Amino acid sequence: GHVANPLLGSVSNESEASQLAYQLGADTALPGNATHLLVFAVSASGQESTSSSGLRLWDRGSTSATASNVTFNDTHPLCGQLEGMLRIVRAVDESSITRYNVYWGSSETSKLTTLERRLSPGGRKLQSGSQASPRCGGRSCGLVSIVGVEAGVWEISRIPPSGNYGNDEYAVILLNGPGFVHFTFLATEACCDFVNVAGTRFFGRGERDILEIPEGPFQIVWRSDFSVTDGGWSLTYESLQYDVSEVQINHTAYIGSASKFPMSVVPAVTLANLTKPPGATHFLVYSADGSFEIPAPFAAPISDFDLCARENWPVSASFSDEDTDFGVVGGRVVIQPPANDDGVLHYIIYAAANATHKWWPEDPAGFEITEGGVVLGRIDRGQTAWLVPQGTPLPNGLTYVHVYSMTASGLSLQFASAPVADVGVPDAQATNLSFTDTHPGANVISGDLVFEGAPNEAEQRVTHYMVYWGRNATHRLQFQSPIAMLQVQGGNTS
């Protein structure tokens, strides 16, 4: 019985506080067989109650009752879907536990208890949930529309298909906070017809601020009086509620007796076609007995996490040459990162010959060459640009860059590409120009213009020549378009 058990301490109830506290001193020794703290009520005469309240103990310094290891190999081919056997290497000492509970984890130590959904109109981050749908009561419920837009979001309205709402309408909608109410339309009689949201009346016309709803049940009450009606109202309710069951895998591996479940058998749970929720990065395995869980889990990274990251490549890439010298470039390669960059370590910029194929140098000296291609540079996660120094030589044939995401599992499955164009002015001139007019009339000419290409047109990467009217031997007439564009032929051009 408890009489022989040493008394840890006593707590007086003379305080008016609703909670009592007793602090165990530093380095309090834990008896060998102690598994709980027990609290007995004691009367003024010193008599202890025959029953007690108990609290299961966990010694933070002991890890013998937690799982020794957890392994999982995903066999599902799709990103975000998991399938396979999650195997648990048993705890060294299972005498105080009867099962292992498996949860989604947002880190190695934290259960995933919220699922990120989106930003509210007010800029706050909401959480998706499994809140029960709004319930309506009152004689006018059949006239009120309640539509679920997505998880935790409802559009509630009283807008007639034509005309105005009626007299003497009354409806009460029951919901649970916390959340936000945002009116999207409001047109009621200013004095007497109103929508009461958690004690605040809204009436008349115009925009209304977003109303923040605290935690707990609340009502939206709609009431119109006996005269004067208008177009109605509509609002959106966005719930911040969440449910832990949303993210609990609900799998348990029972230990059983040593004869039925010997230590050589590895506890395991089978996961079949399981959708990984946003933010889940680990499986957390907790040792448990009844409703008690040892607070320190064993964490196993979700192997699908890095594979999914390979589907997160940059949305776009661009490059603009800011160096006006010919044959060299300078500027920035700018990317738009993926909307979800989970698992992205950094971005790699490869040299490319065109929008689809990599570029390879004739002489690899001086280049960083990898299996994926010629690496020009890298962009850290969280950054969006890589600086190309002014005066950087542009090799022949390098006309594009390809930008990939790098993950722990390798390069992203696709990439963003950007053309690389040298805006420098070529130092080249056509030679041996000749033209003979063959038209007999005045102010009208015809004939062949013949010239030779510049001797250094290959070096200067000349691709074509433009022909203009000139007001002298060196200057064009203003405000004119080219007469002709001639592709480089080699030798004479006409």
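Remember, predicted model here, so these are calculated numbers, not experimental data. Just so you know, these numbers use all the heavy atoms, side chains as well, and skip hydrogens, waters and symmetry mates.
Residues V70 and Y100 have side chains not in contact (no heavy-atom distance under 4.5 Å, counting atoms from C-beta outward). The shortest distance between side-chain heavy atoms of V375 and Y350 falls below 4.5 Å. Side-chain atoms of I213 and V197, non-hydrogen and from C-beta on, do get closer than 4.5 Å to each other. The closest side-chain heavy-atom distance from V285 to P297 is not below 4.5 Å. You'll find the side chain of P337 reaches within 4.5 Å of the side chain of T384, heavy atoms only.
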Before giving the answer on side chain to side chain contact (heavy atoms under 4.5 Å, CB included), spell out for L82 and F72 the whole-Å C-alpha distance, their side-chain angles and the decisive distance to 0.1 Å.
CA-CA 10 Å; L82 303 176; F72 174 74; 4.2 Å; yes
Verdict with reasoning, W104 to F283, per side chain to side chain contact (heavy atoms under 4.5 Å, CB included):
CA-CA 5 Å; W104 297 114; F283 291 117; 3.6 Å; yes
Check against side chain to side chain contact (heavy atoms under 4.5 Å, CB included), E189 and Y165:
CA-CA 11 Å; E189 183 186 9; Y165 55 80; 4.2 Å; yes
Side chain to side chain contact (heavy atoms under 4.5 Å, CB included) between Q219 and N196, worked out
CA-CA 8 Å; Q219 297 180 350; N196 186 319; over 6 Å; no
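The heavy-atom pair separating W360 from K358 by the smallest distance is NE1-CB, 3.8 Å. In this structure, P134 and I156 approach most closely via the heavy-atom pair CG-CD1, 4.5 Å. Considering every non-hydrogen atom in both V388 and W386, the closest pair reads CG2-CZ3, 3.4 Å. When all heavy atoms of Q414 and W313 are compared, the pair lying nearest together is O-CB, 3.3 Å. Contact between I88 and A67 at its shortest, heavy atoms only, is CG2-CB, 3.8 Å. Heavy-atom minimum distance, S157 versus S234: CB-CB, 3.5 Å.
Residues satisfying the side-chain contact (heavy atoms from CB on, under 4.5 Å) test with F415, not counting sequence neighbours, are H402, Y404, S417. Residues passing the side-chain contact (heavy atoms from CB on, under 4.5 Å) test with S316 are Q336, sequence neighbours excluded. Remark: E368 engages R378 in a salt bridge (Lys or Arg N to Asp or Glu O under 4.0 Å) (not counting sequence neighbours). For the side-chain contact (heavy atoms from CB on, under 4.5 Å) test, residues two or more places apart in sequence or in another chain that qualify with D341 are P338, V344, Y347, R381. Every residue meeting the side-chain contact (heavy atoms from CB on, under 4.5 Å) condition with S68, not counting sequence neighbours, appears here in chain and number order: V89, V92.
To the nearest 0.5 Å, atom CG of residue L284 and atom OG of residue S107 are 7.0 Å apart. One distance of note links CG of L235 with CD1 of I173; it measures 8.0 Å at 0.5 Å rounding. The distance from atom OG1 of T407 to atom CG of N312, rounded to the nearest 0.5 Å, is 9.0 Å. Considering CG of N164 and CD1 of I159, their distance stands at 11.5 Å, rounded to 0.5 Å. N69 contributes atom CG, which lies 12.5 Å from atom CZ of R87 (distance to the nearest 0.5 angstrom). If you take CH2 on W233 and CZ on F194, they are separated by 12.0 Å, rounding to the nearest 0.5 Å.
Of the candidates T188, V228, D230, D193 forms a side chain to side chain contact (heavy atoms under 4.5 Å, CB included) with just one, namely T188. Exactly one residue among F183, F180, F218 makes a ring pair (Phe, Tyr, Trp, His ring centres under 6.0 Å) with Y237. That residue is F218.
Contacts classified as side-chain hydrogen bond (donor to acceptor under 3.5 Å, both in side chains) and involving residues 166-175 (residues at least two apart or in different chains) are given here: R158-E169, E169-W222.
A 6.0 Å sphere centred on CZ of R139 holds more than 12 heavy atoms belonging to other residues, nucleotides or ligands. Within a 6.0 Å radius of CD in E322, other residues, nucleotides and ligands contribute more than 12 heavy atoms. For NE2 of H346, the number of neighbouring non-hydrogen atoms (other residues, nucleotides, ligands) closer than 6.0 Å is greater than 12.
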